[in-house]
Number of protein chains: 2
Amino acid sequence: MSVSIKEVAKLAGVSVATVSNVLNQTKNVRAETKSKVEIAVSQLKYQINPLARNFRKGESKVIGFVVSDLSNYFFQNVAIGLERSLSNYGYLVALMDSKESKTLEIENVKNLLALSVDGLVIATTGEDCCYLNLILENHDVPVVFVDRKPFGFKSDMVLSTNNEGAYLGIKHLIQKGHEKIGFITSRNDSTMGERIEGYRQAYLEAGLQVNENHILTGDNNVSISQNLLLHGIAYTQAKRLVEAGEVTALFAGNNLSSIGVYNYLREANIKVPEEIAFLTFDDSFWLSMTTPSISAIKQDPDMIGSVAGQLIYERISDKTNEQPDRILRIPTCLVLRSSV
Amino acid sequence: MSVSIKEVAKLAGVSVATVSNVLNQTKNVRAETKSKVEIAVSQLKYQINPLARNFRKGESKVIGFVVSDLSNYFFQNVAIGLERSLSNYGYLVALMDSKESKTLEIENVKNLLALSVDGLVIATTGEDCCYLNLILENHDVPVVFVDRKPFGFKSDMVLSTNNEGAYLGIKHLIQKGHEKIGFITSRNDSTMGERIEGYRQAYLEAGLQVNENHILTGDNNVSISQNLLLHGIAYTQAKRLVEAGEVTALFAGNNLSSIGVYNYLREANIKVPEEIAFLTFDDSFWLSMTTPSISAIKQDPDMIGSVAGQLIYERISDKTNEQPDRILRIPTCLVLRSSV
DNA sequence: AAAATTATTTTAAACGATTAACCTATGTAT
DNA sequence: ATACATAGGTTAATCGTTTAAAATAATTTT
C-alpha cells in the first residue's frame with residue numbers, strides 16, 4: 001500500500017541508509033546523490049512511516065495532559081496554550097479528564113504511560129503526588145505540573161502569581177474602603193494558601209487585623225459541572241458571612257467559588273457593590289455579562305499551557321540536562337469592572 | 001532497560017509466539033503453559049512496548065480532533081465527550097485548534113495524518129471539505145464530522161437536531177405572543193440553514209408570514225475569543241433590528257451571536273423580556289447568571305462527542321464494514337429561564 | 001495399533017525505519 | 001611512493017512485536 005524507504009532506495013539506485021541520511025540530514029551526502037534521492041521521493045510520493053520511526057527511536061511524539069477538571073474553562077485554556085506550543089515541535093497533546101477524582105487521575109497517568117507518551121503535563125486533583133514516583137519508576141518521562149503544586153514528587157511547575165494576584169485584589173478592595181473582606185473558596189490547597197497569603201499581606205500593609213473567621217476554605221474537590229448543579233459550597237459560605245453582617249466585601253478564591261458567591265448575591269437580591277463588593281480570582285468572559293459586571297484577578301491559563309509545553313519540550317530534547325526543577329510564575333493582573 | 005517479550009519467553013521456557021498468544025488471547029494455549037508465561041510476566045514485571053505493537057499492527061491508537069474553534073465552550077464539551085468515549089476503547093484524543101481558519105484546518109489535518117492518527121473527528125470551519133479527498137487519498141483513515149455538515153466529502157456525521165430545536169424555540173416565542181422575531185446569527189452555513197428552516201416551520205404552523213428582513217445571517221467566521229474582543233457582528237445586527245422597531249423578540253442562532261445580542265440589549269438598557277424577548281440556541285452556565293437569566297435551546301455537545309467517538313471506533317474496528325454514511329442527530333431541548 | 005484429526009507450540013519472516021561498523025575511492029602529508 | 005586522512009556510500013544488525021506456516025504433541029476414530 002504505502003511506499004517504503006526501500007523502494008525509494010531502489011529507484012534512486014542507492015542504499016536505504018543513504019536515503020535515510022538525505023531525509024534526516026544526518027550525514028553529508030553528495031549533491032548529485034541527494035538529488036537522485038529527492039527525485040525518487042517525489043516520484044513515488046514517499047511519506048515516512050511515523051510508526052516505524054517512532055518505534056525505532058523509542059518515542060511517540062505525544063504528550064499527555066491530565067486535567068483535574070476538563071469542564072473548568074481555566075484548564076480548557078491551559079489545554080489550548082499547551083497544544084499551540086507543542087504543535088510547534090511536532091508533538092500531539094492527548095487530553096485526559098480526571099473529573100476531580102484522584103483515582104481517575106492515577107488511572108489516566110497509567111493509561112498514558114501504557115500508551116507510551118513522551119511527556120506528561122499534570123493539573124493534579126489532590127496535591128499528594130507520591131504515587132507518581134512508583135509509576136514513573138521505569139519510565140523516562142518528564143513531567144510538568146500546572147496550576148497546582150504537588151508534594152511528594154519533584155518536577156518543573158508552571159503556576160500563576162497567586163500571592164501577588166490576591167494581594168493586588170485585596171489591596172484594591174481596601175483602597176475602596178473595605179476593612180472586612182470575606183475570602184471564600186471551596187478548596188484548600190497550596191494554591192489557595194498562596195492566595196490567602198496575599199490576602200494577609202495586603203491586610204498587614206494596610207495595618208489591618210485579619211479576622212480568621214473571614215477566611216473560609218473548603219476541603220472537597222468538585223468539578224465545575226457538578227458545582228453548577230449542586231449549589232456549591234461557596235454559596236453557603238457567602239450566605240453565612242453576609243447574613244451575619246460580618247463583611248462588606250467578598251473575595252472568591254477561584255472561578256468555582258465565584259459562581260457560588262455570585263449566585264448567592266443575586267438570589268439574595270443584594271446590591272453589588274453598594275451593599276457588598278465582590279471580586280474574584282480568575283477571569284472569564286461571562287464576568288462582563290452579569291449585572292453588575294464582575295471585577296477579577298485575571299490569570300493567563302493559555303500562557304501557563306504554552307510555557308508548560310516549552311518546559312516539557314526542553315526536558316525531552318535535552319535528556320542530559322540535569323538542570324534543577326524550576327517553578328515558573330505567570331503574571332496575574334487586576335481587571336476592573338463594576339462590582340467593587 | 002525495559003524487558004522484552006523475548007526475555008519473558010526465555011524465563012518461561014516457551015517461544016515468543018506463545019507469550020504473544022497468551023498476552024493477546026489470540027490462540028488457545030494450554031492452561032499449564034499459560035500460567036508459566038503469566039508467572040514469568042509478573043516476575044519480570046513485563047510491560048508491552050506499545051510503540052512496537054503499534055508499528056507492527058500499523059495503528060497509533062490516537063484519534064485526532066480538529067476543532068474549528070477551541071475557545072468555544074461548545075467544542076470544548078464535544079472534546080470532553082469524545083475523550084471519555086474513546087478512552088473506553090484505549091484510544092487517545094489529540095486536539096488541534098483551527099482558530100476558524102481553513103488554512104490552519106488543512107494544516108492540522110495534514111499534521112495529524114503525518115503523525116499517523118487512526119481516525120479523524122472534524123468540526124470544520126468552512127463547510128467545503130473537498131480538500132480532504134486529496135489528502136486522505138492514500139490514508140485509510142475514517143472521518144466523522146461533528147456539529148457542521150461538510151460538502152464535497154462523504155462521511156459519518158453527528159449533528160444536533162437544529163431544525164427541531166429552532167422550531168421549538170420560535171414556537172415558544174410565538175406562543176408568548178411574538179409575531180415579529182429577529183433571527184440573528186453571525187454565520188451562514190447548513191447548520192444555520194437548518195435552524196432557519198425550523199424558524200420558518202414555526203411561522204408557517206402559526207399562520208404567520210416570514211419577513212425576510214428579520215433573518216440576519218453573517219458570512220464571516222470568528223472565534224469566540226475574537227468575538228469577545230471585537231463587539232461581534234451580532235451586536236450590530238441586534239441594534240439595527242431593535243432600533244428600527246422591527247421586532248419584539250430576538251433569537252440568537254448560536255452562542256457566539258448570543259453574546260453579541262445580549263451585550264447590545266444590556267448596553268442599550270432594554271428591558272428583557274418586557275421590551276424585547278430574547279432566546280438563544282446553545283446553552284451554557286453563564287446564561288443563568290445574567291439579569292435576566294436567558295432561556296435557551298440546549299444542545300448536548302458532550303453527547304455529540306461521545307457518539308462521534310463510537311462511530312469512529314466502529315469504523316476503525318470493522319474496516320470491512322461497507323455500511324453507508326450515517327447522519328446521527330442528537331436531541332435538543334428548550335430550557336426556560338426569564339428572558340422570554 | 002495405525003491412521004486421521006485436532007490441539008498446542010515453535011520457527012522464522014515480516015513491519016520500516018535508524019545507525020554503528022565497514023568499505024572504497026580520492027585527496028593530502030610524509 | 002607510501003602511509004594517512006577524509007568524504008561518500010553500503011552492509012547488515014537492530015528495535016519488539018505479530019502472525020503465517022510448519023512442526024510436534026495429544027486425542028479420537030477406525
Side-chain angles (χ1 to χ4, degrees), chain A residues 1-41 44-61 90 113-116 118 138-140 317 319, chain B residues 1-41 44-61 90 113-116 118 138-140 317 319:
Chain A
M1 182 190 141
S2 75
V3 13
S4 83
I5 200 174
K6 262 184 194 160
E7 307 171 53
V8 175
K10 194 194 280 177
L11 181 60
V14 298
S15 74
V16 291
T18 301
V19 177
S20 177
N21 282 328
V22 171
L23 261 34
N24 303 301
Q25 298 166 335
T26 98
K27 268 192 177 180
N28 216 17
V29 175
R30 200 144 46 95
E32 197 188 340
T33 329
K34 196 169 163 182
S35 84
K36 277 197 293 183
V37 171
E38 280 161 352
I39 288 168
V41 163
L44 295 172
K45 294 194 210 305
Y46 167 76
Q47 302 195 124
I48 200 172
N49 178 334
L51 261 30
R53 199 228 321 253
N54 288 349
F55 166 50
R56 179 58 225 245
K57 302 197 105 178
E59 61 185 23
S60 65
K61 289 288 179 180
L113 290 173
L115 293 164
S116 79
D118 292 343
N138 32 13
H139 291 268
D140 186 19
S317 50
K319 292 260 185 191
Chain B
M1 183 192 142
S2 76
V3 14
S4 84
I5 201 174
K6 261 185 196 162
E7 307 171 53
V8 174
K10 191 195 281 178
L11 181 60
V14 298
S15 73
V16 291
T18 301
V19 177
S20 177
N21 283 328
V22 170
L23 260 34
N24 303 302
Q25 299 167 337
T26 103
K27 267 192 177 179
N28 217 17
V29 175
R30 202 146 45 96
E32 198 189 340
T33 328
K34 194 169 166 182
S35 83
K36 276 197 294 184
V37 171
E38 280 161 352
I39 288 168
V41 163
L44 295 173
K45 295 195 207 307
Y46 167 75
Q47 301 195 123
I48 200 174
N49 178 335
L51 261 30
R53 198 226 325 253
N54 288 348
F55 166 50
R56 176 59 223 245
K57 303 196 103 176
E59 59 185 24
S60 66
K61 289 289 181 177
L113 290 172
L115 292 165
S116 80
D118 293 343
N138 33 12
H139 291 269
D140 185 18
S317 49
K319 292 258 182 191

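Letters go in sequence order (proteins before strands), and every chain restarts at 1.
The distance from atom CG of Asn54(A) to atom P of dT14(D) is 22 Å, rounded to the nearest whole Å. Put simply, CD1 on Ile5(B) is 12 Å from P on dT10(C), counting in whole angstrom units. Taking atom CD of residue Gln47(A) and atom C1' of nucleotide dG16(C), one finds them 14 Å apart after rounding to whole Å. In this structure, Lys34(B) places its NZ atom 11 Å from P of dT9(C), rounding to the nearest Å. Put simply, NZ on Lys6(A) is 9 Å from C1' on dA14(C), counting in whole angstrom units. Remark: C1' of dT18(D) and CD of Glu59(B) are 11 Å apart, rounded to the nearest angstrom. One atom, NZ of Lys57(B), and another, P of dT17(D), lie 13 Å apart when rounded to the nearest Å. If you take CG of Asn49(B) and P of dT18(D), they are 10 Å apart, rounded to a whole angstrom.
Between Glu59(A) and Lys57(A) no salt bridge is recorded (no basic side-chain N to carboxylate O distance below 4.0 Å).
Across the helix from dA1(C)-dT30(D) to dT30(C)-dA1(D), the helix axis at one end is tilted relative to the axis at the other end by 50° (nearest 10 degrees, each axis from five pairs).
Ser60(B) places a side-chain N or O within donor-acceptor distance of the main-chain N or O of Ser116(B), the cut-off being under 3.5 Å.
Within residues 13-29 of chain A, the residues approaching DNA chain C are Ala17(A), Ser20(A), Asn24(A), Lys27(A), by heavy-atom distance under 4.0 Å.
Nearest heavy atom pair, residue Asp118(B) against residue Lys61(B), reads OD2-N, 2.6 Å. Here the shortest heavy-atom pairing between Tyr46(A) and Ser4(A) reads CE1-C, 3.7 Å. Between Asn24(A) and Arg53(A) the shortest heavy-atom distance is OD1-NH1, 4.4 Å. Minimum heavy-atom separation, Val3(B) to Leu44(B): CG1-O, 3.4 Å.
Within 4.0 Å of Leu51(B), counting heavy atoms only, lies no atom of the nucleic acid at all.
Stacking between Phe55(B) and the base of dC15(C) is present: ring centres sit under 5.5 Å apart and the planes differ by under 30 degrees.
Out of dA17(C), dG9(D), dT8(C), the shortest distance to the side chain of Thr33(B) is found at dT8(C).
Rounded to the nearest 0.5 angstrom, Glu38(B) CD and Thr33(B) OG1 are separated by 10.5 Å. The distance from atom CG of Asn49(A) to atom CD1 of Ile5(A), rounded to the nearest 0.5 Å, is 10.5 Å. The structure places NE2 of His139(A) at 5.0 Å from CG of Leu113(A), a figure rounded to the nearest 0.5 Å.
A donor-acceptor contact under 3.5 angstrom links the side-chain atoms of Arg56(A) to the base of dT14(D).
The residue among Glu32(A) and Ser4(B) whose nearest nucleotide of DNA chain D is located toward the 5' end is Glu32(A).
Taking only side-chain nitrogens and oxygens, Arg30(A) comes nearer than 4.0 Å to OP1 or OP2 of dG9(D).
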